[in-house]
Amino acid sequence: EAEGDYGIALPAGVDLHVLMGDGHDEHDHGDHDDHDDHDDEEGDHDDHDDHDDHGDEDALAYDPHSWLDPSAYAVQLDIVVETLSTAFPSHADAFKANADAYKVELQAIHEGFEDAFGDNGTCTNNIVAANHNAYSYLTVAYGVEFVTVHGLDPEGTPSLDDIAEVVDRIEEDGITVLFVEEFTDASAVSSLVEQTMTEDMPDGVMVLTLYTMEMAPMDTSDNYVSLMNKNLENLKTGLGC
């Protein structure tokens, strides 16, 4: 409750590592003072400073979807390697080698997003609509702005004013795609789609998927890398890149 809308119950013996950059001192972490020994991990985010102009980083204090930024995910990978190496020191070299190979894949995802949405990106538009505000990390890292129906809590019921505001933004900004999550029932956004039907879009906005990876994927052959690449391709489709 002290942390806000998102509370996380942890099994015995499981530690929660919260990675936060500068500018979050005002966010009270209540009884989490015992995590002071992780302060040195904050420095690992210094390489994100060049993204400050892309969005309001204060939103990151409340958005748990940090893994949607592959660079942030790479920092989390370092913590996993360190923890495993401490627990199983005889395998430390293998853990590091595997992590280094995986980071190459993460870097390739990052470069794909940069090529599409960076300063010299191929996408001329950067505003999309989504049903759930789970994308603060993508906004800060790559400058993609999300107009969303729900806030951080995807289970809430949006007000008529919230829906009307998104419909207005879709019209004003020429948005042609509404993104939903993998497990979202299309009927849940049918009313919004109907409200966007115009001469130019007789069927309303197209509904595409963004994978937040909060649950195991429907397709068991998918993994983080494949789903992030699907996110990239779907965003490029939605932005007409």
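Basis for what follows: all heavy atoms, side chains included, without hydrogens, waters or symmetry-related copies.
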Residue pair Ser221 / Asp219, side-chain donor-acceptor N/O under 3.5 Å: yes
Hydrophobic cluster membership, Met206 vs Leu235, 4.5 Å side-chain cutoff: yes
Exceeds 12 heavy-atom contacts within 6.0 angstrom, atom CD of Glu171: no
Aromatic plane relationship, Tyr73 with Tyr102 - under 30° parallel, 30 to 60° tilted, over 60° perpendicular: perpendicular
Exercise: identify the closest heavy-atom pair between Tyr224 and Pro70: OH-CA, 3.5 Å
For the student: nearest non-hydrogen atoms of Met213 and Leu227, plus distance: CG-CD1, 3.5 Å
Heavy atoms from other residues, nucleotides or ligands near CD of Glu105 exceed 12 (cutoff 6.0 Å): yes
Charged N-O contact under 4.0 Å between Lys236 and Asp115: no
Spacing of CD1 belonging to Ile127 relative to CG belonging to Asp173, to within rounding of 0.5 Å: 4.0 Å
Salt bridge flag under 4.0 Å for residues Lys230 and Glu233: no
Lys96 atom NZ, over 12 foreign heavy atoms within 6.0 Å: no
Parallel, tilted or perpendicular: rings of Phe95 and Phe88 (30°, 60°): perpendicular
